[in-house]
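In listed order, ligands and their atoms are each counted from 1. Bear in mind the structure is a predicted one, so any value in this text is a computation, not a measurement. Sequential numbering from 1 along the given sequence is applied to the chain's residues.
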Amino acid sequence: MPTGEYDPDAVESKWHQQWLDDETYAYPDDATDPNTTFAIDTPPPTVSGSLHWGHVYGSILQDIVARFERMQGNDVFYPFGYDDNGIASERLTESELGIRHQDFDRYEFQEKCREVCADYEAEFTEKMQAMGTSIDWNSTYQTISPDVQRVSQLSFIDLYDKGREYRKKAPAIWCPDCETAISQVETEDHEEQSHFNDIAFELVESGREPDSDAVTDADYEYPTPTHPGDDIVISTTRPELIPACVSMFVHPDDDRNAHLVGGTARVPLFGHEVPIYEDDRVDQEKGTGVVMCCTFGDQTDIEWYQAHDLDLRVAIDESATMTDLAGDYEGMSTEEAREAIVEDIDDAEQLRDRWAIDHVVQVHERDDVPVEYRVTEQWYVDVLDKREEYLEAGREMDWFPEKMFTRYEHWIDGLEWDWCISRQRSSGIPFPVWYCADCDHEIIAEKADLPVDPLSDEPPVDSCPKCGHDELVPETDVFDTWATSSLTPLINAGWDWDEEAEAFTMERPEIYPMDLRPQGHDIISFWLFHTVIKCYEHTGEVPFDTTMINGMVLDENREKMSKSKGNVVDPDAVLDEYPVDAARFWAAGSAIGDDLPYQEKGLRAGEKLIRKLWNASKLVDSLAPEPVDRPDDLAALDRWLLAELDATIADITALLATREFSKARDSLRTFFWGTFCDDYLEIAKQRLDEGDDLSAVYTLRTAHERFLKLFAPLLSHVTEEIYRDMYDADESVHQSAWPEPLGIDADSEGGAAAMAVVGALRTYKSDQQLPLNAELPAIEVYGPIEGFADDISGVMHVDELTVLDSEPEVESVIADISLDYSKVGPEYGSAVSDIENGIEAGKYELVDDELHVADKELSPDFFEVNRERRYAGDGEMLEAGDAIVIVSEA
Ligand SMILES: [Zn+2]
Ligand SMILES: [Zn+2]
């Protein structure tokens with residue numbers, strides 16, 4: 001039996017070990033029915049450092065769902081993955097070992113990545129196990145493992161075969177710090193301080209004669225360039241791109257500058273001549289209406305480059321260093337060149353103005369380094385051509401909360417690029433591709449041979465099938481990490497290619513499509529979108545029935561936690577101090593999708609509830625140590641409690657099924673603490689103290705066991721401890737069945753009134769310093785307690801209980817009058833004490849809402865009348881909720 005104080009440290013670590021030893025949460029080998037499996041596609045944490053609150057919080061919510069669904073009778077598939085390929089783990093390795101990947105042979109560097117990741121993965125495992133998450137530790141995967149490499153390469157080949165991938169030499173988004181192409185989803189807007197520079201280009205010749213009727217120069221800061229040698233002023237935040245300038249543009253409707261179109265201008269400092277074109281992407285309201293186009297400053301430059309077939313001038317290399325095209329500035333970083341070029345333009349008297357601004361630049365989300373655009377050969381997955389279809393695919397899932405679908409929608413609306421999946425990095429999954437050295441024909445590996453590394457494995461043919469040339473060059477790029485993590489449903493389902501059947505197969509077909517994708521809202525565009533589109537293309541099915549999106553953990557002041565602000569709360573430190581169950585209670589206090597502030601009071605409330613559950617269990621165990629069959633004549637109050645519990649179960653079941661954690665938690669806690677512990681348990685204790693009462697024993701044990709099950713998904717440790725102790729030593733509460741309604745009828749309103757009457761009589765006896773079993777000769781009750789009268793009389797030892805048909809005569813009398821001193825003080829000053837004395841002595845009158853006292857007339861907003869109901873007849877009146885009890889004088 002539960003004894004002594006609850007010791008969460010000992011209990012929690014005991015069950016962590018026991019659950020692992022017993023494989024309590026293992027997915028059964030013989031599960032085959034998709035209707036009775038519940039598969040969760042858990043987010044594999046990126047191996048880029050330690051677990052933070054986001055992981056802990058997210059994994060608690062997932063675990064609540066897993067435990068709830070398991071108790072619904074489902075075979076729950078609840079895996080754990082480690083995302084250990086890609087830039088994140090490379091960068092972790094570099095910073096951990098103080099090295100740069102460029103300084104190592106590729107395989108040597110990969111080896112180092114594996115070693116560093118292995119340490120972090122062991123730590124992840126240990127921490128997740130130390131939280132007792134109900135993960136199936138037989139179902140784990142690493143995204144760099146050979147199995148997953150095979151799945152990832154199969155996916156590449158399948159999309160290639162389906163015509164959904166292409167290789168193209170074109171401008172791509174580039175991170176000069178990571179020295180690789182990246183995709184649109186990896187860019188982020190950053191506000192940065194910078195300068196606008198008004199720089200004069202020299203007009204060499206106009207396209208035609210200027211129109212003398214055009215708008216006068218009076219409206220403009222700079223005169224309209226009309227003659228050779230005149231200034232054409234452009235504004236730029238990136239003067240270091242001037243050596244890469246390839247043309248200038250004006251808007252087709254810009255009358256003022258129309259004559260420039262077809263002419264040329266000379267670039268300052270560098271002296272090359274560039275053509276002037278028109279294009280409606282120019283914002284003619286900005287500055288002089290003339291802009292320069294460089295290869296490349298932004299997305300519009302790329303569009304112009306493609307639309308007008310412009311030259312390519314590369315002034316910035318892959319590491320954001322100026323190239324020889326930049327002349328004297330070669331070898332400088334872009335920042336250095338920016339300053340140096342502005343200075344020299346100023347010296348050449350071609351800087352017309354310069355002012356500071358805050359503006360938005362696109363950066364790589366991993367390192368906040370501004371991106372560049374470079375013409376490089378990359379692999380892309382087609383996305384833009386199927387936007388509508390992918391939006392529809394997203395719509396097929398149930399979203400918890402529903403509002404998060406708009407984030408998916410917005411991401412698709414804002415898509416401007418196909419998905420670039422090739423990375424110029426060392427440690428990732430290789431492309432299973434070789435190229436003909438002569439005709440560049442793409443040679444794809446055989447599916448049966450996967451995984452392959454073209455750098456060390458032989459291509460499937462000896463010579464080019466197209467031209468017969470025998471030199472084949474391996475692809476050196478690796479996959480984008482999301483190209484692999486977007487396959488987690490297929491990795492989990494054991495998707496593979498069956499060479500004999502010439503078809504894709506699944507080892508665990510019953511889990512696909514998976515029931516739930518839980519994840520944070522910050523990776524809807526990264527992970528959810530890419531998983532939906534890839535799995536959809538491979539299988540023709542949307543990979544999830546539902547998706548559950550959790551918010552972020554904020555600090556106590558609802559600010560985002562960040563290392564730079566120093567407000568990061570370390571989950572390890574918190575879990576040292578608080579039980580895991582308390583953290584679970586706190587985490588469940590969120591409405592799904594909303595951010596949740598880290599608050600100690602939330603954890604303390606969890607601790608209190610754990611203690612309450614423990615102490616109540618001790619009491620139940622002492623009052624009702626042995627199980628009994630349900631007696632035929634259950635007392636009305638017992639029937640009422642069990643029926644109310646039925647209603648609560650229905651309520652909580654529905655709430656958990658729609659992932660409304662906080663509502664489920666609060667509803668359960670309120671019913672347990674208020675109705676069961678404060679009211680019912682006290683009554684039952686009294687009944688059993690006074691003798692045998694099978695009805696009470698049955699009800700206590702039945703309700704208590706049900707409470708343990710209802711609390712189990714939430715407070716997974718303390719419930720296991722008590723359940724094994726009191727109900728079933730051999731079976732985990734987490735493998736037990738969720739309670740079904742008992743189907744007992746009871747008068748809900750009457751029971752509530754009866755409980756209130758008993759409560760009022762208990763308080764009365766205690767106020768009168770009477771023992772609880774003191775006889776009360778007679779009481780009268782006005783309230784809907786028919787059917788409960790015998791129970792009330794029995795419990796409260798009432799000789800004669802009369803139920804009144806009509807409300808006893810109760811008069812409403814003034815108990816006192818309180819003044820609003822913030823108003824009375826300023827208005828009546830020294831007269832306030834006369835007013836107070838008048839009220840005190842009862843020398844006042846209420847006349848139409850006004851208070852007449854001490855010769856003053858106070859309007860209603862100066863005071864408040866507090867009334868009391870007083871019974872005019874014999875005996876003492878007790879108020880019991882909506883019911884009234886009259887206790888006759890003894
Ligand atoms: Zn980067
Ligand atoms: Zn060839």
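- Test Leu450, Asp449, Leu154 against Pro432 for side chain to side chain contact (heavy atoms under 4.5 Å, CB included) and you get one pass: Leu450.
- Note: Phe526 and Trp482 have tilted aromatic rings, judged against thresholds of 30 and 60 degrees for the angle between ring planes.
- Because the distance cut-off is set at 2.8 Å, Cys439 qualifies as a neighbour of the Zn ion (ligand 2) through one of its N, O or S atoms.
- The SG atom of Cys175 and the OD2 atom of Asp367 subtend an angle of 120° at the Zn ion (ligand 1), given to the nearest 10 degrees.
- In the model, Glu537 has a side-chain atom that pairs as donor or acceptor with a side-chain atom of Tyr390 under 3.5 Å.
- Rounded to 10°, the angle that SG of Cys436 and SG of Cys467 form at the Zn ion (ligand 2) is 100°.
- Relative orientation of the Tyr380 and Tyr166 rings is parallel, given thresholds of 30° and 60° on the angle between their planes.
- Annotation: angle subtended at the Zn ion (ligand 1) by Cys178 SG and His364 ND1 is 110°, to 10°.
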